[in-house]
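None of the values given here were measured: they were computed from a predicted structure.
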Amino acid sequence: MSPAEVSSQSKASAAAKLKYVSLGVLVLQTTSLVLTMRYSRTLQDEGPRYLASTAVVFTEVIKIIVCVILVFRDHNCSMRGLNQVLKEEIVNKPLETLKLAIPSGIYTLQNNLLYVALSNLDAATYQEKGMEQEMPTGSQFVGLLAVLVACFSSGFAGVYFEKILKETKQSVWIRNIQLGLFGLVFGVMGMLAYDGKRIKENGIFQGYNKVTYAVVLLQALGGLVIAAVIKYADNILKGFATSLSIIFSTFISYFWLADFVPTSLFFLGAVLVITATFLYGYEGKTVTSSSKV
């Protein structure tokens, strides 16, 4: 075997390991986020519940800060050098930056819809002070509608973002800063439009607690992990990770939280998802000329 073939196989093996590591990290992050977010939106506490729109804004802020730090580290530069890099890659390339406005707007909408869904599609019955309360049918419809819109928008945004990432020489962190800047603008606009009055009355941090901060951090981490997965793997892998996280979240809800009873249709869907994930990652052995009779 030639050195070129050895190098090629080594790269392929490294890529396969990266793919599965990315899948595992994304599944863990998504599962943790869904469970923590649902808990935060159904937690009965004194005072007003935290505003989802503010959580989306703070998530974008954290993502931008982390990405700026990573750019600073990658370029091994001073603050002046960092400013030059950001100016060169973002300000001086307006067309490249504007390309991120579309997926950014969709992701901002999707993040808000996720809070809506988990506020209305938690368990059909849940405990509060020893009394069972049934979720209104209207709330379930709103939650389901939010999930459907988020699913369709997520697919388009993921493919669009993957195309941008893989057709550019800019680093994934620069692209995340561009994405985050637009997301911050869209998020602030939505926050002021829908919750401006409540923010004026009780402040932007109303209802925040340790669980809320954990949700914000997990969602920020998810944005960074998803970008890395799309860059170094593909958007299909992200979809599988999301599907697997739904399965794990449901099993945790059933065995640990005891607020969900899976049906036969759910088990069928779970089997299909696991089978699809296996088939996607399976690489059959190629038949070489020496093995032919």
Side-chain angles (χ1 to χ4, degrees), residues 11 14-15 18-19 22 25-26 29 53-114 150 152-193 216-239 241-242:
K11 290 181 179 179
L18 178 61
K19 182 168 68 174
S22 301
V25 172
L26 190 54
Q29 181 275 331
S53 60
T54 63
V56 172
V57 169
F58 290 136
T59 296
E60 297 299 333
V61 171
I62 293 174
K63 284 164 55 179
I64 293 173
I65 293 174
V66 172
C67 288
V68 168
I69 294 174
L70 291 172
V71 171
F72 179 85
R73 187 202 65 177
D74 290 346
H75 289 79
N76 194 24
C77 55
S78 60
M79 291 301 299
R80 183 177 180 181
L82 176 63
N83 291 332
Q84 291 178 345
V85 170
L86 296 178
K87 182 178 179 180
E88 178 65 26
E89 296 293 338
I90 298 176
V91 179
N92 294 345
K93 296 179 180 179
L95 293 179
E96 289 295 319
T97 301
L98 284 173
K99 289 180 180 179
L100 275 300
I102 295 176
S104 178
I106 295 176
Y107 281 135
T108 303
L109 173 64
Q110 178 187 340
N111 289 335
N112 281 282
L113 288 175
L114 181 58
F152 283 107
S153 61
S154 175
F156 172 78
V159 173
Y160 186 97
F161 191 38
E162 180 181 358
K163 178 179 174 62
I164 292 176
L165 284 177
K166 294 189 175 180
E167 289 184 352
T168 182
K169 294 182 180 179
Q170 288 181 312
S171 72
V172 65
W173 310 126
I174 290 291
R175 284 305 195 185
N176 262 290
I177 294 174
Q178 295 169 323
L179 194 70
L181 289 174
F182 283 113
L184 182 60
V185 172
F186 293 141
V188 170
M189 291 172 58
M191 179 183 70
L192 295 178
V216 172
L217 291 174
L218 281 172
Q219 196 164 29
L221 172 63
L224 300 175
V225 173
I226 287 174
V229 167
I230 293 177
K231 174 70 174 180
Y232 300 110
D234 53 44
N235 187 61
I236 298 176
L237 186 67
K238 188 200 80 165
T242 304

Donor-acceptor under 3.5 Å (Glu89 side chain, Ile174 main chain): no
Listed partners of Leu109 passing side-chain contact (heavy atoms from CB on, under 4.5 Å), at least two apart: Leu113
So CG of Leu86 and CD1 of Ile177: to nearest 0.5 Å the spacing works out to 5.0 Å
Among all residues two or more places apart in sequence or in another chain, which pass the side-chain contact (heavy atoms from CB on, under 4.5 Å) test with Lys87? Val91, Asn92
Listing, residues 95-104 side-chain donor-acceptor contacts under 3.5 Å, not counting sequence neighbours, or none:
from: Glu96; atom 1: OE1; to: Arg175; atom 2: NH2; distance (Å): 2.6
from: Glu96; atom 1: OE2; to: Lys99; atom 2: NZ; distance (Å): 3.2
from: Thr97; atom 1: OG1; to: Ile90; atom 2: O; distance (Å): 2.9
from: Thr97; atom 1: OG1; to: Lys93; atom 2: O; distance (Å): 3.0
from: Thr97; atom 1: OG1; to: Gln178; atom 2: NE2; distance (Å): 3.1
from: Ser104; atom 1: OG; to: Leu179; atom 2: O; distance (Å): 2.9
from: Ser104; atom 1: OG; to: Gly183; atom 2: N; distance (Å): 2.6

Pair listing, salt bridge (Lys or Arg N to Asp or Glu O under 4.0 Å) test, anchored in residues 59-71, at least two apart: Glu60-Lys63
What I'd like to find out is whether the side chain of Val56 reaches to under 4.5 Å of the side chain of Phe186, using heavy atoms alone. no
Residues in side-chain contact (heavy atoms from CB on, under 4.5 Å) contact with Ile69, at least two apart in sequence or another chain: Ile65
Working to the nearest 0.5 Å, report the span between OG1 of Thr59 and CG of Leu221. 11.0 Å
Partner set under ring pair (Phe, Tyr, Trp, His ring centres under 6.0 Å) for Phe58, not counting sequence neighbours: Phe205, Tyr208
The reported gap from CG in Asn83 to CZ in Phe72 (rounded to nearest 0.5 angstrom) is 10.5 Å
Say you draw a straight line from CD1 of Ile106 to CG of Asn111; how long is it, rounded to the nearest 0.5 Å? 12.0 Å
Indicate yes or no: at least one non-hydrogen side-chain atom of Glu88 is less than 4.5 angstrom from one of Val85. no
Quick one: do Leu82 and Val71 satisfy side chain to side chain contact (heavy atoms under 4.5 Å, CB included)? Show the steps, please. CA-CA 8 Å; Leu82 176 63; Val71 171; 3.9 Å; yes
Any idea which heavy atoms bring Ser53 and Asn112 closest together, and the distance? CA-OD1, 3.7 Å
side-chain hydrogen bond (donor to acceptor under 3.5 Å, both in side chains) involving Asn176 - partner list, sequence neighbours excluded: none
Name all residues meeting the side-chain contact (heavy atoms from CB on, under 4.5 Å) criterion together with Ile62; count only those two or more places apart in sequence or in a different chain, and write none if there are none. Val66, Val216, Leu217, Ala220
Report the residues that fulfil side-chain hydrogen bond (donor to acceptor under 3.5 Å, both in side chains) with Thr108, sequence neighbours left out, ordered by chain and then residue number. none
